[in-house]
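Everything below concerns the one structure shown next.
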Amino acid sequence: THSVIHSFASLFLSLDTAHLVCIQLSLVERDQIIIHWMYVYSQWEEVSIMDEKNIPIRTYQVCNVLEPNQNNWLRTDWIPRSGAQRVYVEVKFTLRDCNSLPGVTGTCKETFNLYYHESNEDKDSYIKESSFIKVDTVAADESFTQVDVGDRIMKLNTEVRDVKVTNRKGFYLAFQDVGACIALVSVRVFYKTCPLTVRNLATFPDTVTGADTSSLVEVRGSCVNQSEEKEEPKMYCGADGEWLVPIGGCLCNPGYEEKGAACKACSVGFYKAKSTDTGCSKCPPHSHSLREGATVCDCHSGFFRADSDPFSMACTQPPSAPQQLISVVNETSVVLEWAPPRRLGGRSDTSYSLECLICQTGSQLCLPCGSDVLFAPGQTGLKTTRVVVSELRAHTHYTFIIHARNGVSQASGAGAAQSVSVTVTTNQAAPSPVSAIQASDVTRHSLLLSWQQPDRPNGVILEYEVKFYEKDQRERSYRIMRTFSRSVDVTGLNPLTVYVFHVRARTAAGYGEFSAPFEFSTNSDPFPLIGEGVNSAFLLLSISGVGILLLISAAVFIIRVKIYVDPFTYEDPDQAIHEFAKEIDVSSIHIERVIGMGEFGEVCSGRLRVQGKREIYVAIKSLKAGYSDKQRRDFLSEASIMGQFDHPNIIRLEGVVTRCKPLMIITEYMENGSLDAFLRKHDGQFTVIQLVGMLRGIASGMKYLSDMSYVHRDLAARNILVNSNLVCKVSDFGLSRVLEDDPEAAYTTRIPIRWTAPEAISYRKFTTASDVWSYGIVMWEVVSYGERPYWDMNNQDVIKAIEEGYRLPAPMDCPVVLHQLMLDCWERERAERPTFSQILNMLDKLIRNPGTLRRTGGDRYTLKVCVSVVPEVCVPEWSVCVWLQSIGLERYRDTLAAAGYTSLENLLALTHQ
Ligand code: ACK
């Protein structure tokens, strides 16, 4: 009825006009109908058709190509997103080619549109068209369904579109037909994942790709079983579901190796120590593994592995003992040398250590050596097979044990067994340096110096020697004091002056090293500084106490020696001369005659009358006119030196004349002049005892000079003067030493080569010991009555001969002991020459026992020189003639022949007389 239709139409109008309503009317009664309706999306209908293979399939179809303005929608159910971010929609469909449809006008379309709408829930209700977002317009891919002769051929199109769905839990898809003839065969909705995979021993899970086509999802892998992370394993999942760029990865644990994409345990007999090792390795020599999955191989019994050994290294053994230990003792040092062990145990890290024990004589008791013993290059961890052990005690038994060790000695517990030992006894040695020098009781001019005994005296200390000098003077001039005690009172110092002291000890083995320098300054106070605020009574007591102490020490222990002062250390030579020499008024000198020529001018004899004293004979040396400053200084220096001496065998200085010209040096007068000329004049006229007496005098003078630390440098018979009592006195000071300070002077004609010790010739080492050498030559001069040493050999030949060990032979009738003493003075090593004190003692003994002088050598010096002489007058060669010629006495040839001395044999019987 109309009313029904009307009400129905109003219902219809209330629906969205965009949708069609499918209405079903059921007649129930005559006046009653039931109206069923449902929403349908336009004209799409579900139809069963056959596919290409004639298999029935269900499709949605629409084909309103004849009517304009088509808008037919087909919507899917709600599709849950399931974590996907981009979904792919694969649509399979057939599409009719508009041209293939007869009678269709411009209303026919050949595309449809794909839409989507995101939603959190399955609303299952109406969604407005405008809520959908268009994905794409889909066209047939040239795969229109064509019309063949009377029959339709289905051609299936497959189109895939993708869309980002990230906002809601799910979405709907919708297909909009705008007037095409389509059959939707299938719609497949999917998303992509990168599939579970194992890369670099790390597992990467199935991973949903990113939202954008270009996005990469970073995924962290987890290490497979029995593996550990080497570097964080990472990989990127690309939008197309492909894994890209693996980074980092894992390594199989120790005891496991990579096989396939997993870690498998090492087999028996194999091991893998570290995860970084490439794979399981066979156990190294002398080791084994009994179980699978070993991380290390165990050493066979008797073999060991050091903590530092790599597991890949073979197991090894400790070394056997060192072999062939040899010791060489040198005073208080011992050199130990040995050969490496016979068995090194398969290792190259053998090292040695040295155990040092002091063992008591006659007992088994040994104690470790003290820490003061030195080992070079060291005591432990030695790689060499030689050690020098020094600073040992003298005369002591030591046991040295050499242990050989290697890297497994400790592990094997056998370190101590691999050793070899030797026992030695050290020799005599000089004392070690004294230490802890102290100064006390310091005054303007004195101080009390004390010190500790050397750590290692190495014997009984016979005395201490103290050497000291003003710091400013360095060692140009110094003084020496000797004492038995460990302190000495040093006097005669200058006030407020810094002095440097060195002390050394002497034992039977000789002097030790000097101590390190000890500096101390004298003060300006005449009394020792005791402290401030001391009362005068205390001061008085202290002073008298110190006085008594000084007296006692001086009386009992201290040998005080005056030390010579070098006048050249004075800036002003006149200051030195007036300090050491007395100025004489020229009017008190009476010159009588010229007796010779000296270095600087005439030498005269005369008389000196000093007021209050008796007139004495003097020698007067004068400085010739026209002298230079240097000549003046050199001339006066002799007096400055001589003036410091006071000894019966040293020429005595009476004084100087410096205030008027010519300058003069006045000395005691020596009636017999110089010794060499005197002896030549009295050839053969003295007894041996007289000659030894002269030598004793010279030795005594020289001892005095050496005690004063004065080195003469030109000791020769020509520089000894003889007085009327045959007393010999040493003279000629100053000049020679000045000249020879010149480094170039060693080979100048000024150096008295024949009298000078080799070390003084070659490197100007002028010492008391070189004076001793010269003294030996003087002895020879004396015993040979002024013969020229080495006769007429030239200087170069003399130097060469001495160098080659040649020494002057005993002069005629020379007592063997005297010649032996000469030879002692000519020891090449200056330390081995006797001191003047020893010489003096020796000569004193000879004088007391003249019998010892009786034995003379049969060996005549003449025989030794003959060989170098070419006989000219001795034709045919007659040995006596050759000898005479060599000594310049060929004029006696006939006399000797006449007396029956025709051979050297009977010549030997010739006595001095
Ligand atoms: O051999 P003579 O006579 O002794 O010749 C020399 C010379 O002067 C040149 O040095 C002699 N002569 C030097 N000093 C003295 C002295 N104090 N007494 C005697 N003669 C001396 C030296």
Side-chain angles (χ1 to χ4, degrees), residues 580-582 584 586 588-610 613-624 627 631 634-657 662-683 685-686 694 697-698 701-702 704-705 712-739 750 752 754-755 774 777-778 781-782 784-789:
F580 301 118
K582 198 167 69 188
I584 290 175
V586 74
S588 53
I589 303 163
H590 179 72
I591 297 174
E592 285 182 343
R593 63 187 174 93
V594 175
I595 52 172
M597 271 309 285
E599 183 72 28
F600 297 97
E602 288 165 347
V603 181
C604 302
S605 67
R607 280 172 289 140
L608 171 72
R609 180 186 287 274
V610 182
K613 286 189 182 173
R614 66 182 175 87
E615 190 182 64
I616 52 165
Y617 279 98
V618 289
I620 304 141
K621 281 187 178 180
S622 52
L623 179 60
K624 59 182 177 265
Y627 54 84
Q631 282 173 319
D634 290 345
F635 175 74
L636 290 178
S637 74
E638 184 174 18
S640 299
I641 294 165
M642 221 189 303
Q644 297 181 49
F645 305 142
D646 180 15
H647 189 271
N649 294 101
I650 306 292
I651 195 83
R652 191 181 72 250
L653 178 75
E654 296 296 343
V656 288
V657 175
L663 301 188
M664 288 182 233
I665 296 174
I666 322 292
T667 63
E668 66 179 306
Y669 181 61
M670 301 294 283
E671 291 81 355
N672 282 316
S674 54
L675 178 62
D676 61 337
F678 172 67
L679 288 172
R680 278 195 285 271
K681 202 166 136 197
H682 300 280
D683 192 356
Q685 292 177 7
F686 300 115
M694 293 180 200
I698 302 165
M702 287 310 294
Y704 172 82
L705 292 181
H712 190 288
R713 303 182 183 215
D714 195 9
L715 178 59
R718 67 178 169 279
N719 290 326
I720 306 292
L721 291 168
V722 190
N723 70 11
S724 53
N725 298 320
L726 293 191
V727 174
C728 290
K729 302 196 181 194
V730 182
S731 77
D732 209 317
F733 304 99
L735 177 67
S736 57
R737 62 172 301 288
V738 176
L739 289 165
R750 298 211 62 99
R754 276 149 226 275
W755 282 265
S774 309
I777 304 288
V778 172
E781 289 185 278
V782 168
S784 63
Y785 285 94
E787 181 60 275
R788 178 171 166 77

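Position 1 is the first residue of the sequence; numbering continues from there. Since the model is a prediction, treat every value here as computed from it, not as a measurement. First listed ligand is number 1; within each ligand, the first listed atom is number 1.
Not one N or O on the side chain of R652 forms a donor-acceptor pair closer than 3.5 Å with the backbone of E668. A donor-acceptor contact shorter than 3.5 Å is absent between the side chain of H682 and the backbone of Y785. Judged purely by atom type and a 3.5 angstrom limit, D732 has no side-chain atom pairing as donor or acceptor with the backbone of I720.
Atom 4 (O) of ligand 1 has S674 N, 3.2 Å as its closest protein atom, hydrogens excluded (heavy atom only). Of all protein heavy atoms, the one lying nearest to atom 15 (C) of ligand 1 is L721 CD1, 3.6 Å. Closest protein heavy atom to atom 10 (O) of ligand 1: V603 CG2, 4.0 Å. The protein atom (non-hydrogen) at minimum distance from atom 7 (C) of ligand 1 is G596 CA, 4.0 Å.
Close approach of ligand 1 to M597 (heavy-atom distance below 4.0 Å) involves ligand atoms 9 (C). The ligand atoms of ligand 1 that sit less than 4.0 angstrom from a heavy atom of Y669 are 18 (N), 19 (C). Close approach to T667 involves these atoms of ligand 1, each under 4.0 Å from a residue heavy atom: 17 (N). Applying the 4.0 Å criterion to heavy atoms of G673 picks out, from ligand 1, the atoms 3 (O), 4 (O).
Under the 4.5 Å side-chain criterion, counting only non-hydrogen atoms from C-beta, Y617 is in contact with E592. Two residues are said to be in side-chain contact when any heavy atoms from C-beta on lie closer than 4.5 Å; I641 and E638 fail this criterion. Within the 4.5 Å cutoff, the side chain of I777 has no heavy atoms near those of the R754 side chain.
Contacts between E668 and ligand 1, counted as non-hydrogen atom pairs separated by less than 4.0 Å, involve the backbone only. At a heavy-atom cutoff of 4.0 Å, ligand 1 is contacted by the side chain of A619 but not by its backbone. Of all the heavy atoms of E671, none lies under 4.0 Å from any atom of ligand 1, so neither backbone nor side chain is involved.
For ligand 1, one of its N or O atoms has an N or O atom of M670 under 3.5 Å away.
Pairing each heavy atom of L653 with each of G643, the nearest pair is CD2-CA, 3.7 Å. Nearest heavy-atom pair across L715 and W755 is O-CD1, 3.4 Å.
In this structure, F635 and F600 have perpendicular ring planes: the angle between them is above 60°, well past the 30° mark.
Remark: among candidates I620, V594, I595, I665, the nearest residue to atom 5 (O) of ligand 1 is I595, based on non-hydrogen atoms.
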